[in-house]
Amino acid sequence: MSILEVKDLSIAFNQYTTGLKQETIKVISNLSVALEEGEILAVVGASGSGKSLLAHAILGILPNNANVSGTIAYNGEALTAKRQSALRGTEIALIPQSVNYLDPLMRVGKQVRTSAREGDAVVSQRAVFERFHLQPDVERMFPFQLSGGMARRTLLSTAIVSGAKVIIADEPTPGLDPAVMREALSNFREFADQGCAVMLITHDIESALTIADKIAVFYAGTTVEIAPVEDFTGNGEALRHPYSKALWRALPQNDFIPIPGSQPRPDHLPPGCLFAPRCPLATHTCDQAQPEMRNLRDGVVRCIHAT
Ligand code: SF4
């Protein structure tokens, strides 16, 4: 059984247009993804593909005007708003995109200690700071005194001392220098190797490939493919979806061929397959309805022509 399972998740927002007219804009549609213990699932895709909203939906921190449908289950049980609030920061931890999530007025040692659930909080905080090469004087600092790398290691420390079973890291590496980034990525691998489930949300597919077990490719608010990391090789012939193949071949170390066109905006989604306007393999059948996710070889794909 997957520790976390998202099924057919759709998220829409009501928005005022001209005058008092309201319009509903679907930003995530029929998204399904599952997370296993001991595994890193990297969620990759361009900005605006819905990756961060998925994290916020799992944690129950979407804005009030979000209309959500579908199911999210944790340990086989529906993740209701009440369970989300009980598990958030304890069993399910977020490593956010912005270090602004740190309380600017609280010393960082104290912030980390407030997340500790077992044993002596001070001992746990100091042990984790040592592990992340944060000097003893750092615990008395305020967030504004930290470098970007130190702030990220503080956020990682918070997740560790909480004893979380699921860690959702939302774009945790931008702005980090290469050494700190490698260290942060190896920390995620370490969490997973200790039995944690890690969802790494990123647009940096190259870094994701160095540590992930599986890659979920997002496009325009839905998953188009979930593939084992080994499939991202050669010319992408093992991949299933035309977008995943194109994304892979667009990398500088591969063919560096840009994908023509651009991702559709949530208020201008095409009627059938969301990738159809850019897909070299599109046929008129692709415009009829959004393809369902289906199992193919060792992965899943949302494309009627994938073989
Ligand atoms: S369903 Fe059709 S348009 Fe969509 S990715 Fe597959 S071939 Fe391309």
Side-chain angles (χ1 to χ4, degrees), residues 5-12 24-34 41-54 69-70 199 201-206 208-209 212-307:
E5 190 165 17
V6 177
K7 251 193 187 158
D8 285 329
L9 179 74
S10 294
I11 302 174
T24 302
I25 297 185
K26 214 175 199 187
V27 281
I28 283 194
S29 47
N30 308 104
L31 185 151
S32 297
V33 83
L41 172 77
V43 172
V44 303
S47 19
S49 57
K51 305 183 304 289
S52 292
L53 280 175
L54 168 65
S69 64
M199 182 182 282
I201 295 175
T202 180
H203 66 272
D204 179 1
I205 184 166
E206 289 174 83
L209 289 170
D213 299 287
K214 283 189 207 150
I215 307 277
V217 180
F218 268 39
Y219 185 76
T222 198
T223 24
V224 292
E225 176 165 358
I226 301 175
V229 76
E230 304 75 46
D231 289 355
F232 287 79
T233 185
N235 282 329
E237 54 278 358
L239 294 170
R240 296 151 193 80
H241 196 281
Y243 178 63
S244 317
K245 288 176 192 267
L247 198 62
W248 171 245
R249 294 189 61 192
L251 292 179
Q253 75 270 32
N254 296 335
D255 301 334
F256 212 8
I257 308 170
I259 312 172
S262 52
Q263 182 173 254
R265 286 192 353 226
D267 53 347
H268 282 90
L269 294 181
C273 170
L274 301 178
F275 189 57
R278 304 170 77 186
C279 182
L281 306 179
T283 61
H284 72 278
T285 333
C286 304
D287 294 329
Q288 307 302 308
Q290 195 184 110
E292 298 286 329
M293 284 299 265
R294 62 184 167 99
N295 294 329
L296 182 63
R297 292 179 263 124
D298 258 351
V300 275
V301 66
R302 193 189 287 286
C303 168
I304 53 173
H305 295 309
T307 50

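Atoms within each ligand, like the ligands themselves, are counted from 1 in listed order.
Atom 2 (Fe) of ligand 1 has no N, O or S atom of Cys273 inside 2.8 Å of it. With 2.8 Å as the limit, Cys303 counts as an N, O or S neighbour of atom 6 (Fe) of ligand 1. Among the atoms of His305, no N, O or S atom is found under 2.8 Å from atom 8 (Fe) of ligand 1.
The side chain of His241, and not its backbone, has at least one atom closer than 4.0 Å to an atom of ligand 1 (non-hydrogen atoms only; side chain from C-beta on). By the criterion of a heavy-atom distance under 4.0 Å, the side chain of Pro242, and not its backbone, is placed next to ligand 1.
Remark: ligand 1 atoms within the under-4.0 Å shell around heavy atoms of Ile304 are 1 (S). Residue Ala282 approaches ligand 1 through these ligand atoms, each under 4.0 Å from one of its heavy atoms: 3 (S). For ligand 1, the atoms closer than 4.0 angstrom to any heavy atom of Cys286 are 1 (S), 2 (Fe), 3 (S), 7 (S). Of all atoms in ligand 1, numbered sequentially from 1 with element shown, those under 4.0 Å from a heavy atom of Cys279 are 3 (S), 5 (S), 7 (S), 8 (Fe).
Minimum interatomic distance between Gly45 and His203 (heavy atoms only, all atoms of both residues): O-CB, 3.6 Å. Across all non-hydrogen atoms, the minimal contact from Lys26 to Pro266 is O-CB, 3.6 Å.
Each of Val224, Thr307, Asp231 was scored for a side-chain contact (heavy atoms from CB on, under 4.5 Å) with Arg240, with one residue passing: Asp231. Applying the side chain to side chain donor-acceptor pair (under 3.5 Å) test between Tyr219 and each of Gln263, Arg302, Arg278 identifies Arg278 as the sole match.
For Glu292, the CD atom is loosely surrounded, since the number of other residues' heavy atoms within 6.0 Å does not exceed 12. More than 12 heavy atoms of other shown residues, nucleotides or ligands fall within 6.0 angstrom of atom CG in Asp267.
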**Asked** Met199 and Val33: side chain to side chain contact (heavy atoms under 4.5 Å, CB included), yes or no, with the steps?
**Response** CA-CA 10 Å; Met199 182 182 282; Val33 83; 4.2 Å; yes

